[in-house]
Novice: 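Provided herewith is a single structure, encoded as structure tokens, for subsequent inquiry.
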Amino acid sequence: MNANSLASVCSGIAPEALTRLFDMSDVTLPFWGYRKAMPMHKIVRLEGEGNYTMFHFSDGTRLMVSLTLKKMASRLAPGVFARPHKKNIVNLMYLDEAHPNRHQLTVQLTNGDRIDVSRRKASLFFQQLEGFQQKVQTLTD
């Protein structure tokens with residue numbers, strides 16, 4: 001199964017079912033003076049910007065927190081979130097398609113964002129994608 005067929009595999013499944021399947025609880029994010037729980041299944045991708053991380057949500061909103069991408073990676077569900085590049089972590093539930101190119105591989109998310117896949121992380125990323133697809137298939141079978 002390739003990334004192009006993933007969007008159709010996830011489209012018939014309720015986000016709540018995927019949330020239970022992958023044990024995706026809320027992630028607690030620090031704000032000025034307080035912490036707030038955000039639903040993990042609504043995160044499309046995370047983008048590292050130095051010591052800060054920009055969250056991109058499914059409703060189009062964005063939020064910056066003062067934690068590094070590495071620290072955030074340890075708080076996310078490992079079966080759903082994959083790191084195709086040193087600056088990005090993507091939620092595989094929102095992966096639309098892959099664009100292999102002779103010089104660069106990119107993946108497109110359902111919100112239209114295109115993310116580069118680094119050569120060094122490509123094999124691990126596609127292993128994670130394969131595992132995600134197989135687990136999603138168990139819901140449809």
Side-chain angles (χ1 to χ4, degrees), residues 1-32 34-141:
M1 183 184 301
N2 61 17
N4 292 331
S5 62
L6 184 62
S8 62
V9 169
C10 288
S11 64
I13 302 171
E16 295 79 23
L18 288 171
T19 301
R20 283 191 304 275
L21 178 68
F22 289 101
D23 191 28
M24 293 172 52
S25 60
D26 291 349
V27 61
T28 304
L29 301 177
F31 290 98
W32 296 306
Y34 67 98
R35 297 179 183 275
K36 185 175 181 180
M38 301 296 281
M40 200 179 301
H41 70 277
K42 292 187 177 184
I43 300 170
V44 175
R45 74 179 174 107
L46 293 81
E47 181 179 6
E49 297 180 12
N51 288 332
Y52 296 91
T53 300
M54 178 70 74
F55 283 77
H56 297 261
F57 293 97
S58 59
D59 62 359
T61 59
R62 297 186 312 169
L63 177 69
M64 184 174 281
V65 297
S66 61
L67 290 172
T68 63
L69 200 57
K70 184 177 181 178
K71 286 185 181 180
M72 288 311 308
S74 65
R75 297 180 180 191
L76 301 171
V80 179
F81 290 89
R83 194 166 185 174
H85 193 272
K86 69 180 181 178
K87 290 191 65 144
N88 288 287
I89 296 175
V90 298
N91 185 337
L92 296 175
M93 289 171 40
Y94 295 99
L95 186 66
D96 193 18
E97 55 188 27
H99 300 281
N101 186 324
R102 177 180 262 199
H103 303 289
Q104 182 65 44
L105 175 66
T106 60
V107 292
Q108 184 165 339
L109 303 175
T110 56
N111 67 354
D113 292 348
R114 278 190 186 229
I115 307 297
D116 291 335
V117 179
S118 72
R119 290 177 301 174
R120 291 187 177 138
K121 295 184 181 281
S123 63
L124 178 60
F125 175 74
F126 285 108
Q127 286 175 0
Q128 289 174 310
L129 177 59
E130 180 83 21
F132 176 78
Q133 290 172 331
Q134 288 173 356
K135 200 161 184 180
V136 169
Q137 284 283 328
T138 62
L139 281 179
T140 59
D141 292 343

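The basis for the numbers below is simple: all heavy atoms, side chains too, and nothing from hydrogens, waters or symmetry mates.
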Novice: Is any side-chain heavy atom of V117 closer than 4.5 Å to one of T106?
Specialist: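 A side-chain contact under 4.5 Å is absent here.
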Novice: Just jot down the side-chain contact (heavy atoms from CB on, under 4.5 Å) partners of S58, sequence neighbours excluded, or say none.
Specialist: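 For S58 the side-chain contact (heavy atoms from CB on, under 4.5 Å) partners, ignoring immediate neighbours, are K42, V44, Y94.
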Novice: Kindly compute the distance separating NZ (K36) from OG1 (T28), expressed to the nearest 0.5 Å.
Specialist: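 Answer for the NZ-OG1 pair, K36 versus T28, is 12.0 Å.
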Novice: Show the nearest heavy-atom pair for residues G50 and T68, with the distance to one decimal.
Specialist: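 Closest heavy-atom pair between G50 and T68: O-CG2, 4.4 Å.
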Novice: Do any pairs count as a salt bridge (charged side-chain N to carboxylate O under 4.0 Å, His left out) and have a residue in residues 119-128, sequence neighbours left out, and if so which ones?
Specialist: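 Passing the test, one end in residues 119-128: no pairs.
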Novice: With side-chain contact (heavy atoms from CB on, under 4.5 Å) as the test, would you mind laying out the steps for V107 and L129 before giving the verdict?
Specialist: CA-CA 11 Å; V107 292; L129 177 59; over 6 Å; no
Novice: With sequence neighbours excluded, what pairs up with E49 under the side-chain contact (heavy atoms from CB on, under 4.5 Å) test?
Specialist: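 So E49 forms a side-chain contact (heavy atoms from CB on, under 4.5 Å) with E47, M54, M64.
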Novice: Does any part of the side chain of R83, heavy atoms only, come nearer than 4.5 Å to the side chain of L69, both counted from C-beta?
Specialist: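 They are in contact (side-chain heavy atoms under 4.5 Å apart), so the answer is yes.
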Novice: Are side-chain heavy atoms of E130 and Q133 found at a separation under 4.5 Å?
Specialist: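 With C-beta onward as the side chain, the pair touches.
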Novice: Does the side chain of F132 reach to within under 4.5 Å of the side chain of L95, using non-hydrogen atoms?
Specialist: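 No; the side chains remain at least 4.5 Å from each other.
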Novice: Residues in side-chain hydrogen bond (donor to acceptor under 3.5 Å, both in side chains) with T61, at least two apart?
Specialist: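 Per chain and number, T61 pairs via side-chain hydrogen bond (donor to acceptor under 3.5 Å, both in side chains) with D59.
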Novice: I'd like a table of donor-acceptor pairs (distance under 3.5 Å, sequence neighbours excluded) in which one partner is a side-chain atom from residues 84-92, with atom names and distances.
Specialist:
| from | atom 1 | to | atom 2 | distance (Å) |
| --- | --- | --- | --- | --- |
| H85 | ND1 | K87 | N | 3.2 |
| N88 | OD1 | R45 | NH1 | 2.8 |
| N91 | OD1 | M93 | N | 3.0 |
| N91 | ND2 | I43 | O | 2.8 |

Novice: Where the side chain of T53 meets the backbone of V65, is there a donor-acceptor pair that is under 3.5 Å apart?
Specialist: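 Pair absent, no side-chain N/O of T53 close to backbone of V65.
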Novice: At their closest point, which heavy atom of Q128 faces which heavy atom of A82, and how far apart are they?
Specialist: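 Distance-wise, the nearest heavy atoms are OE1-CB, 3.2 Å.
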Novice: Go through the structure and list residues passing side-chain hydrogen bond (donor to acceptor under 3.5 Å, both in side chains) with N111, not counting sequence neighbours.
Specialist: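 N111 satisfies side-chain hydrogen bond (donor to acceptor under 3.5 Å, both in side chains) with D113 only.
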Novice: For residues F55 and M38, determine if any side-chain heavy atom of one lies less than 4.5 Å from a side-chain heavy atom of the other.
Specialist: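 The answer is no, as the side chains (C-beta and beyond) never meet within the 4.5 Å cut-off.
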Novice: Only pairs at least two apart or in different chains count here, so list each salt bridge (charged side-chain N to carboxylate O under 4.0 Å, His left out) that has a residue in residues 60-82.
Specialist: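 Pairs touching residues 60-82 that pass the test: none.
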Novice: Could you give the distance from CG (L29) to OH (Y34), rounded to the nearest 0.5 Å?
Specialist: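 One gets 10.0 Å once the value is rounded to the nearest 0.5 Å.
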Novice: Any non-hydrogen side-chain atom of F125 less than 4.5 Å from a side-chain atom of L105?
Specialist: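 No, every pair of side-chain atoms sits at 4.5 Å or beyond.
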